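Let me begin by presenting the structure, written as structure tokens, before commenting on it.
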There are 2 protein chains.
Amino acid sequence: MSGWEAIRAEVLSRIRRRDWPPGALIPNEEALAQEFGVARATVNRALSELARAGVLERRRKAGTRVTALPVRKATLDIPVIRAEVEARSQRHAHRLLARARQPLPPALAARLGAPAGADYLFLQTLHLADGRPHVLETRWLNPAVLPDPAPDFATLSINEWLVAHVGFATGDIAFSAEPASVEDAAALGCAAGAALFITERTTFTDVAPITFVRLAHAPGYRLQTLL
Amino acid sequence: MSGWEAIRAEVLSRIRRRDWPPGALIPNEEALAQEFGVARATVNRALSELARAGVLERRRKAGTRVTALPVRKATLDIPVIRAEVEARSQRHAHRLLARARQPLPPALAARLGAPAGADYLFLQTLHLADGRPHVLETRWLNPAVLPDPAPDFATLSINEWLVAHVGFATGDIAFSAEPASVEDAAALGCAAGAALFITERTTFTDVAPITFVRLAHAPGYRLQTLL
DNA sequence: CCTGGCTTTATGTATAGACATAATAGCGTC
DNA sequence: GACGCTATTATGTCTATACATAAAGCCAGG
């Protein structure tokens with residue numbers, strides 16, 4: 001038995017078998033390396049993976065222990081909407097519903113770390129899957145990141161433009177449930193007050209805020225992942 | 001400049017600077033190792049991390065390229081409810097609303113890979129934060145994993161018992177928005193039809209299905225994470 | 001032109017050895 | 001006993017080297 005995946009599996013199974021119960025200290029890397037007949041680096045790789053998954057907690061000098069109250073970590077894939085729709089072999093299209101220069105609402109300015117009342121580009125886009133409303137995207141975009149003249153978002157999806165031109169940035173994302181506003185309902189073709197799955201995302205680079213997006217998903221949307 | 005984090009940062013900044021635009025093939029590990037004056041393993045570590053984050057795509061022989069349509073990967077922490085409540089320094093309590101042996105509904109049997117109509121333990125628990133309804137937990141539990149006699153879940157939270165005694169298992173998790181049923185509304189103290197954030201989780205070990213849980217979160221709940 | 005097999009190549013993983021770093025545990029002092 | 005310093009120790013990372021593996025591309029034979 002060798003290879004870091006085999007070792008990870010063996011350690012996991014010992015934990016499941018309660019050879020090493022929650023909270024217990026497990027043998028150090030050197031000991032395990034010797035037991036399994038591999039190099040310490042191989043054991044390190046296996047244990048590091050398990051720590052990343054939240055199964056183990058590791059601290060220098062203190063050693064490695066089985067997590068007592070595990071915070072399960074799930075990895076979500078957040079695809080570009082078009083890719084998501086096309087992955088289900090549906091046709092994707094989008095319609096630009098609104099586009100305006102507008103002062104950023106104070107609540108959003110705070111979240112983005114932008115000056116209050118800054119002049120932002122407001123965009124509202126309806127994404128369609130096979131012609132049916134799929135997601136209503138409401139976005140405030142920092143005009144400073146746009147080239148002059150600004151791209152025509154009627155043809156090119158904003159998000160894809162950002163992905164291609166602004167590149168990778170940090171931010172945060174939040175999920176919640178909200179009743180559909182009258183505006184949401186009209187765009188998505190559902191009843192006002194219907195339960196909608198909402199994704200809110202803020203993104204910024206180290207130098208400037210970029211964008212805030214609220215995605216209102218049509219009823220029935222599920223976000224799913226393996227544990 | 002050395003250390004895999006420094007190299008990861010440098011590569012990322014070249015991507016952001018569009019030295020290496022989306023879709024481009026980047027130099028191979030050997031070349032980068034030489035350029036940065038480090039061992040290939042160090043470059044490998046840096047590039048592997050970026051691949052895991054979805055920034056790069058790597059294939060043997062084909063090389064490493066910048067992801068064209070990046071699927072952002074967000075890692076969610078899924079805490080035990082009690083820990084989540086106490087982390088906000090609120091008091092956690094729970095009340096067992098229902099407990100019964102009941103045949104597993106066919107839809108759930110299929111999802112858990114259990115025989116149709118199997119006899120499962122049905123449990124409904126209301127979690128309170130500072131005395132106010134927080135989450136309504138509806139669970140079907142495979143009685144085979146329970147010891148005899150079964151623990152008294154009125155005092156001990158089911159989930160914590162499972163975490164401590166069944167240990168790590170695989171499964172999947174899904175998030176959605178649903179209107180509150182009459183039952184949900186009564187337990188959570190909200191209006192029927194209100195938009196609720198729903199978490200559904202199935203867990204099983206390699207040998208047996210364990211449990212299906214539906215968590216109906218009180219209105220206002222947000223699930224948040226850094227990107 | 002297609003197909004099967006071989007070669008080449010970039011990444012993936014393993015190894016032994018070394019040094020870095022964080023943090024505990026123990027010791028000595030007050 | 002309380003405090004602060006130091007020695008010890010487990011993990012974290014790096015290096016150099018080697019072999020494994022997937023897969024793209026080439027070439028030959030049909």
Side-chain angles (χ1 to χ4, degrees), chain A residues 1-15 19-68 70-71 73 75 168, chain B residues 1-15 19-68 70-71 73 75 168:
Chain A
M1 200 219 22
S2 79
W4 69 268
E5 294 194 277
I7 289 173
R8 179 184 60 180
E10 172 60 20
V11 169
L12 231 191
S13 98
R14 288 187 188 180
I15 291 170
D19 291 349
W20 296 329
L25 204 60
I26 77 172
N28 70 29
E29 295 186 346
E30 191 115 29
L32 289 174
Q34 195 144 17
E35 181 195 337
F36 295 131
V38 300
R40 184 170 77 88
T42 307
V43 173
N44 182 289
R45 176 78 194 267
L47 298 188
S48 299
E49 292 288 329
L50 287 171
R52 191 200 295 272
V55 175
L56 295 176
E57 279 175 351
R58 322 194 70 200
R59 270 182 21 250
R60 279 167 157 140
K61 160 77 181 174
T64 300
R65 53 181 66 245
V66 181
T67 308
V71 173
K73 291 188 165 62
T75 309
F168 297 91
Chain B
M1 198 216 31
S2 78
W4 68 269
E5 293 192 281
I7 290 174
R8 179 184 60 180
E10 171 60 20
V11 170
L12 232 191
S13 98
R14 288 187 188 180
I15 292 170
D19 289 350
W20 296 330
L25 204 60
I26 77 173
N28 70 29
E29 295 185 347
E30 190 114 30
L32 290 174
Q34 195 143 17
E35 181 193 338
F36 295 131
V38 299
R40 185 169 76 87
T42 306
V43 173
N44 182 288
R45 176 78 194 268
L47 299 187
S48 299
E49 292 288 330
L50 287 171
R52 189 199 298 272
V55 175
L56 295 175
E57 279 175 350
R58 322 193 69 199
R59 265 177 29 248
R60 278 163 156 140
K61 160 76 182 174
T64 301
R65 54 181 65 245
V66 181
T67 308
V71 173
K73 290 187 165 66
T75 309
F168 297 91

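Everything numeric in this text was worked out from a predicted model, so none of it was measured. Below, read A as the first sequence line, B as the second, and so on, with proteins coming before strands; counting in each chain starts at 1. Side-chain atoms are counted along with the backbone in the values below, which use heavy atoms only and exclude waters and symmetry mates.
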Would you say a side-chain N or O of [X] is under 4.0 Å from OP1 or OP2 of [N]?
X	N	result
Thr64(B)	dT11(C)	yes
Thr42(A)	dT15(C)	yes
Arg59(B)	dA24(D)	yes
Asn44(A)	dG12(D)	yes
Arg45(B)	dC14(D)	no

When you measure from the side chain of Arg58(A) to the backbone of Thr64(A), do you find a donor-acceptor pair of N or O atoms at a distance under 3.5 Å? no

Value in whole Å for how far the [atom2] atom of [N] lies from [atom1] of [X]:
X	N	atom1	atom2	value
Leu32(A)	dA10(D)	CG	P	12 Å
Arg65(B)	dA23(D)	CZ	C1'	14 Å
Glu30(B)	dT8(C)	CD	C1'	14 Å
Leu47(B)	dT13(C)	CG	C1'	15 Å
Trp4(B)	dA20(C)	CH2	C1'	16 Å
Ile7(A)	dT15(C)	CD1	P	8 Å
Glu29(A)	dG17(C)	CD	P	17 Å
Glu49(A)	dG12(C)	CD	P	13 Å

Kindly indicate whether the side chain of Val11(B), heavy atoms from C-beta on, has any atom under 4.5 Å from the side chain of Trp20(B). yes

Starting at the 5' end of DNA chain C, which residue's closest nucleotide do you reach first, Asn28(B) or Ala41(B)? Asn28(B)

Could you pick out which residue, Glu5(A) or Arg60(A), lies toward the 5' side of DNA chain C when each is mapped onto its nearest nucleotide? Glu5(A)

Does the dT11(C) base have a donor-acceptor partner in the side chain of Arg58(B) within less than 3.5 Å? no

Assign each of Arg40(A) and Lys61(A) to its nearest nucleotide of DNA chain D by heavy atoms, then name whichever residue's nucleotide is nearer the 5' end. Lys61(A)

Might you confirm whether atom CD of Glu35(A) has over 12 heavy atoms from other residues, nucleotides or ligands at distances under 6.0 Å? yes

Minimal heavy-atom distance between Val66(A) and Leu56(A), with the atoms involved, is CA-CD2, 4.0 Å

